[in-house]
Amino acid sequence: MSQIKVKTLTREIVALANEFGLSAVPEYRMPDGTRIDIAILDSGLKLLAIELETSFKWFPQRVLYNVVKAHRAGFPELWVVTPFRNVKPGWVLNYAEELGVRLKVLPPEELEKEIAGIRASSLLSST
């Protein structure tokens, strides 16, 4: 397991999103003051909320809170990026589905491929 550096990873995600023609908003703030680590938008359309989790303590509860934030902010998808392997969101995955939020837990190494996939699917849906 390698640690993730939140500021560095945030800069990388913003750059990747820009490369693929998307915009990334670090520290996306909601009207009630809560925030999402990074919001990915396509021409103002909310595509994806990304949360960076560096602590294993209370992981399912953290993911649950992130799902609720993403849902309340109107994001259809949430990625929780963590360096920890074999973490399972368990029942939180089912709850996210009930709310209509697609949830992925992934390591930082998979971000470039996944962000490219987001752009490809947004291009397909706009045709």
Kindly determine whether Met30 and Arg72 satisfy side chain to side chain contact (heavy atoms under 4.5 Å, CB included), including the steps that lead there. CA-CA 9 Å; Met30 298 184 335; Arg72 286 180 46 229; 4.2 Å; yes
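Taking Lys46 as the reference, nothing meets the salt bridge (Lys or Arg N to Asp or Glu O under 4.0 Å) condition, with sequence neighbours excluded. Contacts of Arg11 classified as salt bridge (Lys or Arg N to Asp or Glu O under 4.0 Å), with partners at least two apart in sequence or in another chain: none.
One finds the NZ atom of Lys104 at 5.5 Å from the CD atom of Glu77 (value rounded to the nearest 0.5 Å). Taking NZ of Lys5 as the reference point, atom CD of Glu12 lies at 10.5 Å (rounded to 0.5 Å). Here OG1 of Thr10 is found 5.0 Å from CG of Leu52. Values are rounded to the nearest 0.5 Å. Between Ile13 atom CD1 and Leu22 atom CG the span is 12.5 Å, to the nearest 0.5 Å.
No continuous path of ILVMFWY side-chain contacts below 4.5 Å connects Val105 to Tyr65, so the two sit in separate hydrophobic clusters. Criterion: ILVMFWY side-chain heavy atoms under 4.5 Å apart, direct or through other members. Under it, Ile38 and Leu45 are part of a common hydrophobic cluster. Both Val92 and Phe84 are assigned to one and the same hydrophobic cluster, defined by single-linkage of ILVMFWY side chains at heavy-atom distances under 4.5 Å. Follow the hydrophobic side-chain contacts under 4.5 Å out from Val101 and you reach Trp91 in the same cluster.
Of all heavy-atom pairs between Leu78 and Ala70, the closest is CB-CB, 4.2 Å. Taking each heavy atom of Pro107 and Val81 in turn, the nearest pair found is C-CG1, 4.2 Å. Between Ala24 and Ala17, the shortest heavy-atom contact is CB-CB, 3.8 Å.
At least one side-chain heavy atom of Val14 sits under 4.5 Å from a side-chain heavy atom of Pro26. Annotation: side chain of Phe75 is in contact with side chain of Tyr28 (closest heavy-atom distance under 4.5 Å). Using a 4.5 Å heavy-atom threshold, the side chains of Ile50 and Ile36 count as separate. Taking 4.5 Å as the limit, some side-chain heavy atom of Val67 sits within range of a side-chain heavy atom of Leu99. For the pair Val25 and Leu41, the minimum side-chain heavy-atom distance is below 4.5 Å. Leu93 has its side chain out of reach of Val63: every pair of non-hydrogen atoms, C-beta onward, lies at least 4.5 Å apart. For the pair Glu53/Phe59, a side-chain contact is recorded, criterion being any heavy-atom separation below 4.5 Å from C-beta on. Counting heavy atoms from C-beta outward, Tyr95 and Val68 have side chains that approach closer than 4.5 Å.
Ion pair Glu51/Lys69 flagged as a salt bridge, since at least one NZ, NE, NH1 or NH2 atom sits closer than 4.0 Å to an Asp/Glu carboxylate oxygen. Looking at Glu27 and Lys7, no side-chain N of the basic residue comes within less than 4.0 Å of a carboxylate O on the acidic one, giving no salt bridge.
A donor-acceptor distance shorter than 3.5 angstrom exists from the side chain of Arg62 to the backbone of Lys57, with no hydrogens or angles considered.
When each of Asn66, Asn94, Val80 is tested with Leu103 by the rule side-chain contact (heavy atoms from CB on, under 4.5 Å), just one qualifies, namely Val80.
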